[in-house]
Structure formats: structure tokens, C-alpha cells
Amino acid sequence: MMDIAIIRAGQMYRYYLRQVVVGDGRRPARTPLREAQEVAGSPAGRWMGRGLAALGLTAGEEVTEAQLRNVFGERGRHPYADRIEAGLLAAGESPTKAWKAGALGRRVTVTGVDLVFRPQPTVYLLWALGDEETRKVIEVARERAIERVLEWLEDQVAVIRYGKDGIYKVRPPGGLVAARFRHYEARSGMPLLHDHLMLSVKAQRLDGTWGSVGSLFACPFLIDDGPRLTKGDNTPPPSIELNTFAIAVAGWSLLALLLSVGLLNRALKRHRLRAATFRSSRILP
């Protein structure tokens, strides 16, 4: 199962950096991100996607607060924008040039999509009530399913425009950039394994410049009639991605469930075999 919401620049400070990064809890004021995650018992966020290499990031690398703030909170900037800007200023460049060097194309209001992956109730109940091996099997299956969803979005859904008035459309050649945060509880405190995949709208074009991936917002429940990706851009998103994205949501959620159940069945068979072996060893000759 997957819920979808758009990420606006202002929400990064009001919601994501205060709650999502610490497992949907309440992050104390002026507490460093990693410290707050350790107190909350939440793992650090991890970067995902093929587009990481162009930004100097690697898959699985820990997500820092400064990187999140730049990519999602500062209307689409380089994750190391602060470092880039400081280096150019130290070299004598103008503040305007230094600021532009850290930007990923035009500034945007909608900076990403929040994809929340939740397993079926039977799966997360097995995760909550199962032993350590069962939980690890479910978590590994979920990670692989999320990777496959992201790969599918990169290959089949994401479209970036270029040329005059965005007349040309291509798949982002370098892929997409996303930050994943794993949660172990619901807001009520009940056990609920789920993941937030914060997917940036920024991607590279063929010429190396950066733009916004508009096709991620083709579904009517993702974006209303008012705000668009960029101020002044009233071009409607291509309608062909609507059915494609809907299929991705339904199809890959089912794949995640089937993959989890398949691996769980294998684990349960091993448990039964071990139990039978133990019982037979206790039988007196």
C-alpha cells in the first residue's frame, strides 16, 4: 500500500524536519538531527536513486539535515549548496554568482513527492509479532520493493522538459534523487512498519542543466488547479502519465506484498524444520 503527498518548501521546516525525520515523533527544539533520531529509536535516512552521482552522493549514504534543507526546503538547491557557496565567496566571487552556483535550475515551490510505503496488515502484524529473523526478512523484502518502485519511476514515469516552452520531453538520463526514512511505529504508538520516500523533483537534462520532473504530478490527487512546479508555469502536465503512475502504485504495492509473503514462507518452513528436528532429538530411544 502506498500513500502520496506533495512536498512544498515551507513544509520541510514545519513538518518533515520536525516529525518525519524522527519517526513521526516530535523533535525537540535545537536538537541535532542524529541525536534526535537516536533518542526516538529511528534509523538515519538514506539516499537512493541513480541521480545521486551528479550531486556527489552515493546510494545508502546517510541523509543530513543540511542536505534535506537544501534539496527540499530551499526550493531545490544542491545538497552541498552551503559548501559550494562558501568556497566561491572565499575565492572572491560575488554573492549572486555564488548563490546561483548552488542552485539546481529554477527555484520551485513544490520540491518533491512523499511516497509512504505501508505493508498489508497481515505483513506488518507478522513483522510486529514475529521473531528477529522474520522481521529482518520483511524489512529486506520491503527495501527491495521500494528500490524497484524507484527504478520503475525513473525508467517509465519521470519526464523532464527542455527546449523553448518545454516542447521536448525525455526521461532524465541520470535518474532521480530520493531520501528514504524508515519508521517502526504509527503516530498512535502502535507497531507499524512503513517508509517515507521523499522524491525530489529535480533532475538533470541531457545537456547537464537541471530542471523539474513534471510528470510526477500528473495524478489529480497530487496537485490542485492552483500551484505549479514553477511560478508562472501554467502548462498542464501530460495526461498520459496518469494511468502509468496509477498502475505503478497498484502494481508495485502488490509486488511488495507477494515478495514479502514468499520470503516469509521460506522463513517459516525453516522454523518448522528446526522445530521438528528439535522434537525428534528429545524423543527417548
Side-chain angles (χ1 to χ4, degrees), residues 1-27 33-34 36-49 51-52 57 59-73 76 79 110-120 123-124 127-128 135 138-154 157-158 176-202 213 216-217 219 221-223 245 248-249 252-253 256-257 260:
M1 302 172 64
M2 185 169 74
D3 298 327
I4 309 174
I6 61 174
I7 303 173
R8 291 184 173 86
Q11 289 177 304
M12 176 52 54
Y13 300 99
R14 295 192 303 268
Y15 174 59
Y16 288 95
L17 283 177
R18 291 183 181 179
Q19 300 182 37
V20 172
V21 296
V22 291
D24 285 334
R26 178 69 65 175
R27 179 183 174 186
L33 174 59
R34 196 67 195 98
Q37 289 171 333
E38 291 176 353
V39 171
S42 300
R46 300 293 172 184
W47 287 109
M48 299 178 63
L52 296 175
L57 298 169
E61 183 177 340
E62 182 175 327
V63 180
T64 68
E65 181 170 358
Q67 292 169 347
L68 273 181
R69 183 184 67 246
N70 285 326
V71 175
F72 296 100
V110 176
T111 57
V113 183
D114 181 16
L115 308 179
V116 184
F117 294 84
R118 292 181 291 110
Q120 300 291 341
V123 176
Y124 70 69
W127 172 84
R135 287 194 292 269
I138 294 176
E139 291 176 13
V140 170
R142 284 184 51 74
E143 289 174 7
R144 182 55 186 151
I146 293 173
E147 289 174 1
R148 293 294 299 275
V149 171
L150 182 55
E151 291 170 2
W152 197 91
L153 291 174
E154 291 175 318
V157 176
L176 302 175
V177 174
R180 179 178 64 83
F181 289 88
R182 170 151 292 176
H183 296 176
Y184 297 120
E185 294 181 348
R187 293 184 182 277
S188 62
M190 296 294 291
L192 177 60
L193 177 67
H194 62 288
D195 294 82
H196 285 258
L197 187 70
M198 298 171 60
L199 185 62
S200 172
V201 300
K202 291 298 184 178
V213 181
L216 296 177
F217 301 90
C219 297
F221 53 84
L222 285 180
I223 189 166
F245 199 90
V249 172
W252 285 113
S253 298
L257 172 62
S260 300

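Note: hydrogens, waters and symmetry copies are ignored here, and every other heavy atom, side chains too, is used.
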Distance-minimising heavy-atom pair for [X] and [Y]:
X   : Y    : result
R27 : A36  : CG-CB, 3.9 Å
L68 : A179 : CD2-CB, 4.3 Å
Y13 : L17  : CD2-CD1, 4.1 Å
V22 : A40  : O-CB, 3.6 Å

Just how far is it from atom [atom1] of [X] to atom [atom2] of [Y], taken to the nearest 0.5 Å?
X    : Y    : atom1 : atom2 : answer
M198 : M48  : CE    : CE    : 14.0 Å
N70  : E65  : CG    : CD    : 10.5 Å
L199 : L150 : CG    : CG    : 6.5 Å
I4   : L197 : CD1   : CG    : 11.0 Å
M2   : D114 : CE    : CG    : 10.5 Å

Are any non-hydrogen side-chain atoms of [X] and [Y] less than 4.5 angstrom apart?
X    : Y    : value
V116 : F181 : no
Y184 : L193 : yes
I7   : Y16  : yes
E185 : L192 : no
P79  : L57  : yes
V71  : K202 : no

Legend entry - Option among E61, Q67, E62 that satisfies the side-chain hydrogen bond (donor to acceptor under 3.5 Å, both in side chains) test with W47: Q67
Inset, instruction - Would you please test L33 and Q37 for side chain to side chain contact (heavy atoms under 4.5 Å, CB included) and show each step? - result: CA-CA 6 Å; L33 174 59; Q37 289 171 333; 3.6 Å; yes
Inset, instruction - Report the relative orientation of the aromatic rings in H183 and H194; use parallel for angles under 30°, tilted for 30 to 60°, perpendicular for over 60°. - result: perpendicular
Legend entry - Audit row: H196, D24, side chain to side chain contact (heavy atoms under 4.5 Å, CB included) steps and yes/no: CA-CA 10 Å; H196 285 258; D24 285 334; 3.9 Å; yes
Inset, instruction - May I ask you to decide if S42's main-chain N or O and R182's side chain share a donor-acceptor pair within less than 3.5 Å? - result: no
Legend entry - N-O pairing of R142 and E139 below 4.0 Å: no
Inset, instruction - Considering only NZ, NE, NH1 and NH2 on the basic side and carboxylate oxygens on the acidic side, decide whether E143 and R46 come within less than 4.0 Å. - result: no
Inset, instruction - Give the intermediate values and the outcome of side chain to side chain contact (heavy atoms under 4.5 Å, CB included) for residues T111 and M12. - result: CA-CA 9 Å; T111 57; M12 176 52 54; 5.9 Å; no
Inset, instruction - Could you please spell out the steps behind the side chain to side chain contact (heavy atoms under 4.5 Å, CB included) verdict for F72 and Q11? - result: CA-CA 9 Å; F72 296 100; Q11 289 177 304; over 6 Å; no
